[in-house]
Amino acid sequence: MPDCRDEAAALNGLRRRKHKPEVRAGLLGESSAVLLLLGFVCLLWLLVLISLQQLVISSPGHFNALRARKHLEQITSVGPRTVGSPENEITTVNYLLDQIEQIRTESKTGPHSITVDVQRPTGSFSIDFLGGFTSYYDRVTNIAVKLEPKTKAQHFMLANCHFDSVANSPGASDDAVSCSVMLEVLHSLANLSTPLKHGVVFLFNGAEENILQASHGFITQHPWAQQVRAFVNLEAAGVGGKEVVFQTGPENPWLVQAYVRAAVHPFASVVGQEVFQSGVIPSDTDFRIYRDFGNIPGIDLAFIENGFIYHTKYDTPERIHTDSIQRAGDNILSVLKHLLMSDELADSSAYRHGNMVFFDLLGVTVVAYPARVGTIINYMAAVATVIYLGKKCMLTSNAASYNDVIISL
Ligand SMILES: [Zn+2]
């Protein structure tokens, strides 16, 4: 038989438990807040330090942003370079040919050969852009530069930039800086002491802004196009800052993997790809031409900072930091070197299938995984959310019925 004193004690205990324990104020003490703030500032300082260390100008023999900067200043010094103007067709073409010839002469004794071809294609194509239209072009300019081992190569990467600009802009970021980076990457690769496995075609195209014509002329008419297996396109949607990988594919996950593995300062976002390929942004790049008319996969990179001065007279060389050039050059050079030694380039169809999810973490590193893994993660997150909410509902209803028991007691 239970003791009535025990019963009374138990009852008192239950009644005491009915009162919630006193919760201490959620506000942090002053010292804790100061410590948290200091920790945050230290973390920011550390991140800035890491990114600055990554951008230190490298030693001779590597990518040299100061040399690339000189090219940028020379190319933009003539002002706007609209297609058909003497500035675009004569002055800039002569400057580029002169620089390429200097690199060729300098690297003559190395393990690679350089061949230059100036192409003036005429043609037309229909494009499903801005509501769809047909574009006709007549003798636009392409400077194609082939670098390959002296023993010859079967498979080639294509690196593309355009040196023309819109009518009212010196086009420093769009896209003279990319052509300057490509000249310096060509210089670095030509001066390697060991031969690469595959070759690379550098295409300095002279008609992108009205619209995507020179790249079409190259990929549909130039004999070297048959040997191109993949491409890297250097573009701008802003002025300066970091260059971001905002489109890859179609499919061919090995290209994203190569970028993630090889880029010295990787920065990429699959969100950009989703937005850009949805057609929301009324802009396009040579990426579309190589994908749709050349059926080759690629990586599309663009400078994205200060988008509000893109295609304006304010797109000047002073607005592009030398660090930005160094960063872009380090990335392009390392990714090209990696791809030019890879097995995938020789037989890309074998590695074709699959898409990738990719994004950067605080600008320090890039995470990439197959899209099917992403689907699994999404399903798991959805199931975990349902289980969690279900448990929470059950606990709430249990607690309510428990309180009812207490109150009735
Ligand atoms: Zn452009």
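Hydrogens, waters and symmetry mates are skipped; everything else that's a heavy atom, side chains included, is used. Atoms within a ligand are numbered from 1 in the order they appear, just like the ligands themselves.
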Any donor-acceptor pair under 3.5 Å linking the side-chain atoms of [Y] with those of [X]?
{"X": "Asp300", "Y": "Asn233", "value": "yes"}
{"X": "His265", "Y": "Arg327", "value": "no"}
{"X": "Glu235", "Y": "His162", "value": "yes"}

Just by distance, do the side chain of Ser135 and the backbone of Phe125 share a donor-acceptor pair under 3.5 Å?
no

Is the side chain of Gln273 donor-acceptor paired with the backbone N or O of Thr248 at a distance under 3.5 Å, no angle test?
yes

Which of the protein's N, O or S atoms come within less than 2.8 Å of the Zn ion (ligand 1), not counting waters?
His162 NE2, Asp174 OD1, Glu235 OE1, Glu235 OE2

Of the non-hydrogen atoms in Lys197 and Ala153, which two are nearest, and what is the gap between them?
O-CB, 4.5 Å

